[in-house]
Undergrad: 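First, the structure itself, so that you have it in front of you.
Each chain gets a letter, A, B and so on, in the order the sequences are listed, and its residues count up from 1.
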Amino acid sequence: MLDMKFIRENPELVETAISNKNEKSNLKKVLELDKKKRELQFKYDTMRAEQNIVSKQIPELKKAKKDTTKIVAKMKMISNKLKNISVELSNINEELETELLNIPNIPYKDVPIGGESENEFVREWGEKKQFNFNPAGHLELIKKNRLLDIKRATKLSGSGFVGYTGKGAQLERALINFMLDFHINKHDYEEVSLPILVNRQAMTGTGQLPKMEDDMYHVNEDDLFLVPTSEVSVTNLYAQEILPYEKLPRKFVSYSPCFRREAGSYGKETKGLQRVHQFNKVEIVRFVKPDTSYEVLEEMLNDAENILKALGLHYRVIRLATGDLSFASAKTYDIDVWAPGEEKYLEVSSVSNFEDFQARRASIRFRNESGKVEFVHTLNGSGLATPRTFIALIESYQNEDGSIDIPEVLQPYLNNKKIL
RNA sequence: GGAGAGGUGACCGAGCUGGUUGAAGGUGCGCGCCUGCUAAGCGUGUGUAGGGUUUAUAGCCUUACCGAGGGUUCGAAUCCCUCCCUCUCCGCCA
């Protein structure tokens, strides 16, 4: 959420951001409602002030044995008027809140303007692996090594759900443990393991709601949502809190399953493991002081890259253009890993700075050096999502006979075996 | 799921027979004083979010907030209703 005062004073900036992000927010309505709200609030406050004063006088008049029927009758009228105003006011507030929640974050100044085609190549690491045989795709490798049982998983939950089996299940678990340990030991993150069912408030806090409600799995009985990313649970850890100055910065790493309905995306990369409704992800999240957040963004990008470097997988880093930025993000880097069997890059990480957008929605604040209360900046990044990392891994480490080598860093997690 | 207790400021904890209580008292923290040092003591200050005024994120005025929402009343932390949450015991269960 943006600061109402900021919107009021910079409507052009906000309008530009909305159009650059291809959002359909109603800025005009926000400005109108804000104006109406303030007028009404002023009226209400003034009348309330009068009521408060007179209400204090009444007991004194009574004590002095003076007749209060007249004044009480007058106050009764004011009381009724106030009731009407407060109803109107809360309606306007509700409307304004709704509209405000639909205004996206403003892209950072160095974010390229435009759609997906304007995404910028930042850098790459390693190179496309060459084979002296024709490398197989991941589906073939999965079949040969029985790493997944996609058909039977579909029997359980429908298309878009996969099940890891045997060595595949072990390899995925090894990946998760490796990534967690790496971030904990090499990058000094604190591990948290949190609920994956969260309430509406949490989902609104990080910005998934209201816009993406159709994309979320929802448990009706309890009005709880399955998290699409552990960003939601981790970021909301400090919702409604004011952190003491010394408590910042904080850095967390969390593994969780993630759930996405992917409504309307059928047919797009749906084969196999590339786009699934449930997947596992290790996520890194930070709460930082505002003036450090862009420095930290680069740091987190490195943290995520280091995983791929350790795994020896070629990747490239992309700076997203405004049209490709998520609703809540001010700046995002994507990391795409090379999958030699598919002969394409797959997105395995998204690292974003939300500045104070999420903090304002979730009310995550801190006391700055001079004791004043300020919103923190929140950032998060995948570090990494397992399915596509899994694809790149088995495709990159395959041998001609279809067997798969285990990268050195994963060997300790797989009984020190060198081949899966 | 059943029975009971409870949700007040950074924390503990009064108030809950409705009326200077934004909230006693204590702890913590800030500032000042005192003390040879330490410990203690004394004084004083210490919430958040809006709105108005203003060059001002200074000051001043004002509103709201005692789990959330609604009701009664001239007036509610205090009375009534609904919901949420926490704790204890029982039941059920990994």
Undergrad: Is the shortest heavy-atom distance from the side chain of L393(A) to the side chain of P407(A) under 4.5 Å?
TA: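 The answer is yes; the side chains approach within 4.5 Å.
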
Undergrad: Among rC74(B), rG52(B), rU48(B), which nucleotide has an atom closest to any side-chain atom of R38(A)?
TA: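 That would be rG52(B).
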
Undergrad: Flag this pair as yes if the NZ/CZ of K309(A) is under 6.0 angstrom from the six-membered ring centre of Y315(A) and inside a 45 degree cone about the axis; otherwise no.
TA: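 K309(A) over Y315(A) ring: no.
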
Undergrad: Can you check the distance between rG51(B) and rA56(B), where both ends of the measurement are the P atom (answer in whole Å)?
TA: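 One P to the other, the span is 14 Å.
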
Undergrad: Within the 4.0 Å limit for protein heavy atoms, which parts of nucleotides 58-72 of chain B are touched? Write it as a string from 5' to 3', B for base, S for sugar-phosphate only, - for none.
TA: ----SSS-------S

Undergrad: Do you know which two heavy atoms are closest between A392(A) and V337(A), and how far apart they sit?
TA: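 What the structure gives for the nearest pair is CB-CG1, 3.6 Å.
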
Undergrad: What is the separation between atom CD on E97(A) and atom C1' on rG50(B), rounded to the nearest whole Å?
TA: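 To the nearest whole Å, that distance equals 13 Å.
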
Undergrad: If the C1' atom of rA10(B) is compared with that of rU48(B), how far apart are they to the nearest Å?
TA: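 Rounded to whole Å, the distance is 13 Å.
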
Undergrad: Check the distance between rC83(B)'s P and D223(A)'s CG and give it to me in whole angstrom.
TA: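 It works out to 16 Å between those atoms.
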
Undergrad: Please report the distance separating the P of rG36(B) from the corresponding atom of rG28(B), rounded so that it comes out in whole Å.
TA: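 After rounding to an integer number of Å, I get 24 Å for this pair.
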
Undergrad: For Watson-Crick and G-U wobble pairs within 3.5 Å on both distances, what is RNA chain B written in dot-bracket notation, | included for inter-strand pairing?
TA: ((((((((.[[[..)...(.....]]]((((((.......))))))(((((((.....))))))).[[[[[..)....]]]]])))))))....

Undergrad: Return whichever of I242(A) or S79(A) has its heavy-atom-nearest nucleotide of RNA chain B closer to the 5' end.
TA: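 Result of the comparison: I242(A).
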
Undergrad: Remember a base hit wins even if backbone is also touched, and classify Q51(A) as base, sugar-phosphate or nothing at under 4.0 Å, heavy atoms.
TA: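 Since only primed, P, OP1 and OP2 atoms lie under 4.0 Å of Q51(A), the category is sugar-phosphate.
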
Undergrad: Any side-chain heavy atom of F161(A) sitting closer than 4.5 Å to one from V276(A)?
TA: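 No, every pair of side-chain atoms sits at 4.5 Å or beyond.
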
Undergrad: Closest approach of E231(A) and T235(A), non-hydrogen atoms and distance?
TA: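 Closest approach of E231(A) to T235(A), heavy atoms only: O-OG1, 2.7 Å.
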
Undergrad: Rounded to whole angstrom units, what separation is found between the CE atom of M47(A) and the P atom of rC74(B)?
TA: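 Rounded to the whole Å, the gap is 15 Å.
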
Undergrad: Expressed as a whole number of Å, how far does the C1' atom of rG2(B) sit from that of rC92(B)?
TA: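 After rounding to an integer number of Å, I get 11 Å for this pair.
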
Undergrad: Between D405(A) and K418(A), is there a salt bridge with N-O shorter than 4.0 Å?
TA: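 Not counted as a salt bridge, because no side-chain N and carboxylate O are separated by less than 4.0 Å.
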
Undergrad: Determine the interatomic distance between P on rC66(B) and the same-named atom on rU20(B); round to the nearest Å.
TA: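 About 15 Å, rounded to a whole number of Å.
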
Undergrad: Please give me every residue in residues 3-14 of chain A whose heavy atoms get under 4.0 Å of an atom in RNA chain B, ordered by residue number.
TA: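 R8(A), in order of number.
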
Undergrad: Could you state the atom-to-atom distance from CZ of F375(A) to P of rU48(B) in whole Å?
TA: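 For the pair F375(A) CZ and rU48(B) P, the rounded distance is 13 Å.
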
Undergrad: Please work out which of the three classes, parallel, tilted or perpendicular, describes the rings of F287(A) and Y238(A), given edges at 30° and 60°.
TA: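 Ring orientation, 0 to 90° scale: perpendicular.
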
Undergrad: Using modelled atom types only, decide if a donor and an acceptor are shared between the side chain of S25(A) and the backbone of L27(A) within a distance under 3.5 Å.
TA: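 No; judged by distance alone, with no hydrogens or angles, the pair does not exist.
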
Undergrad: Do the non-hydrogen side-chain atoms of E374(A) and Y245(A) ever get within less than 4.5 Å of each other?
TA: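 Result no, sub-4.5 Å side-chain heavy-atom pair not found.
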
Undergrad: Take atom P in rG4(B) and the same atom in rG9(B), then report the distance between them in whole Å.
TA: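 Pairwise P distance, rG4(B) against rG9(B), rounds to 27 Å.
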
Undergrad: Round to the nearest Å and state the distance from L82(A) atom CG to rG75(B) atom P.
TA: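 Answer to the nearest Å: 9 Å.
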
Undergrad: Please report the distance, rounded to the nearest Å, between CD1 in I71(A) and P in rG19(B).
TA: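 For the pair I71(A) CD1 and rG19(B) P, the rounded distance is 19 Å.
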
Undergrad: Rounding to an integer number of Å, can you tell me how far D222(A) CG sits from rC85(B) C1'?
TA: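 Spelled out: CG on D222(A) to C1' on rC85(B) is 14 Å.
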
Undergrad: Count the heavy atoms of every other residue, nucleotide or ligand shown that sit under 6.0 Å from NZ of K36(A), and state whether that count exceeds 12.
TA: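 No, the 6.0 Å shell around NZ holds no more than 12 heavy atoms from other groups.
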
Undergrad: Is the Y189(A) ring parallel, tilted or perpendicular to the H183(A) ring (thresholds 30°, 60°)?
TA: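 Y189(A) vs H183(A) ring planes: perpendicular.
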
Undergrad: Using atom P of each nucleotide, how far apart are rG26(B) and rU88(B) to the nearest Å?
TA: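 rG26(B) and rU88(B) have their P atoms separated by 32 Å.
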
Undergrad: Take the protein atom CD of Q201(A) and the nucleotide atom P of rC84(B), then report the distance between them rounded to whole Å.
TA: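 Atom-to-atom, Q201(A) to rC84(B), this comes out as 15 Å.
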
Undergrad: Between rU27(B) and rA64(B), how far apart are the P atoms? Round to whole Å, please.
TA: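 These two P atoms come out 32 Å apart once rounded.
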
Undergrad: Mind checking K56(A) for me? I need base, sugar-phosphate or nothing, with any heavy atom below 4.0 Å counting as a touch.
TA: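 If one applies the 4.0 Å heavy-atom cut-off, K56(A) turns out to touch nothing in the nucleic acid.
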
Undergrad: Could you check D34(A) against E60(A) and say which one's nearest nucleotide on RNA chain B is further toward the 5' end?
TA: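 Final value for this comparison: E60(A).
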
Undergrad: A quick test of your reading: do over 12 heavy atoms of other residues, nucleotides or ligands sit less than 6.0 Å from CZ of R152(A)?
TA: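 Not buried by this count: 12 neighbours or fewer within 6.0 Å.
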
Undergrad: Rounded to the nearest 0.5 Å, how far does OH of Y255(A) lie from CE of M179(A)?
TA: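 M179(A) atom CE to Y255(A) atom OH measures 10.0 Å (nearest 0.5 Å).
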
